[in-house]
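Here the structure is laid out as structure tokens; the discussion comes afterwards.
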Amino acid sequence: MQYWLMKSEPSEFSYDDLVARPDQTEHWDGVRNYQARNMLRDQMKRGDQVFFYHSNCAEPGIVGIAEISREGYPDHTAFDPDSKHPDPASDPANPRWFMVDVKPVRKLKRTITLAELKDRPELGDLALVRRGNRLSIMPVAADQWAFILSLE
DNA sequence: GCCAACGTTGGC
DNA sequence: GCCAACGTTGGC
């Protein structure tokens, strides 16, 4: 069992939007960063637990828990010139970008804010709070996961 | 291989 | 809206 944190702008796709999906699942497309791509393609496994983080909003923080429901497969939106993140250099025969499917597990009782997470010395190694971090997908250690949940 | 320019992320 | 931090691009 591995743990992750995935960022999403709630104005684009919020935790409630995920819950509202008719089939309770959504593909996590549009990631165009190689470090994140490698995690999507190689490391994330079905059943892994994910903190759903809202970024670029009034109260950035962790709002819910999701789960990987399908392991990495090619992000076909890269081939679509009308998609939000087309990449003409990605060849369908040798896809450059990957995505996973996620499904909701539960919403947190409250948002655990970025400000709180930054305040906790226990989370000093969490990539999210490290200076200049811009990764949209990052691993969370098991003890970090448990500690963050204990703040709820 | 270096590095300046540029675009993007995301907190504030 | 501002801007710091970072990744990518492309000239040389």
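Numbers restart at 1 for each chain; the letters A, B, ... are given by sequence-line order, proteins then strands. Hydrogens, waters and symmetry mates are skipped; everything else that's a heavy atom, side chains included, is used.
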Problem set entry | Ring geometry between A:Trp97 and A:Tyr34 (parallel below 30°, tilted from 30 to 60°, perpendicular above 60°) | tilted
Exercise. Do A:Val129 and A:Leu151 share a hydrophobic cluster, counting only Ile, Leu, Val, Met, Phe, Trp and Tyr and linking them when any side-chain heavy atoms are less than 4.5 Å apart?
Worked result: yes
For this session: Round to a whole Å and report the spacing from CZ of A:Arg32 to P of B:dG7.
Result: 19 Å
Exercise. In whole Å, what is the span from the CZ atom of A:Arg130 to the P atom of C:dC6?
Worked result: 11 Å
Exercise. In Å and rounded to the nearest 0.5 Å, what is the CE to OG distance from A:Met6 to A:Ser55?
Worked result: 12.0 Å
For this session: Decide whether A:Thr77 and A:Asp80 meet the rule of one side-chain donor and one side-chain acceptor closer than 3.5 Å.
Result: no
Seminar exercise, completed: note: A:Leu128, atom CG; B:dG11, atom C1'; distance rounded to Å ~ 11 Å
Seminar exercise, completed: To the nearest angstrom, the OH-C1' distance between A:Tyr34 and C:dT9 comes to 11 Å
For this session: Report the relative orientation of the aromatic rings in A:Phe13 and A:Trp28; use parallel for angles under 30°, tilted for 30 to 60°, perpendicular for over 60°.
Result: perpendicular
For this session: Starting at atom CG of A:Leu117, determine the distance to atom C1' of B:dG10, rounded to an integer number of angstrom.
Result: 15 Å
Exercise. A:Asp87 CG to C:dG7 C1': how many Å, rounded?
Worked result: 14 Å
Problem set entry | OP1 or OP2 of B:dT9 under 4.0 Å from side-chain N/O of A:Lys7 | no
Exercise. At under 4.0 Å, does any side-chain N or O of A:Lys118 touch on OP1 or OP2 of B:dC12?
Worked result: yes
Seminar exercise, completed: A:Leu135 atom CG is separated from C:dC6 atom P, nearest whole Å, by 11 Å
Exercise. When you measure from the side chain of A:Arg131, which nucleotide among C:dT8, C:dC6, B:dG11 comes out closest?
Worked result: C:dC6
Problem set entry | Whole angstrom value for the distance that separates P of C:dG7 from CE of A:Met138 | 13 Å
Problem set entry | A:Arg134 side chain near C:dG7 phosphate (N/O to OP1/OP2, under 4.0 Å) | no
Exercise. So which one's nearest nucleotide on DNA chain C is more toward 5', A:Asn33 or A:Asn56?
Worked result: A:Asn56
Exercise. Within the structure, does a side-chain N or O atom of A:Tyr53 lie under 4.0 Å from either OP1 or OP2 of B:dT9?
Worked result: no
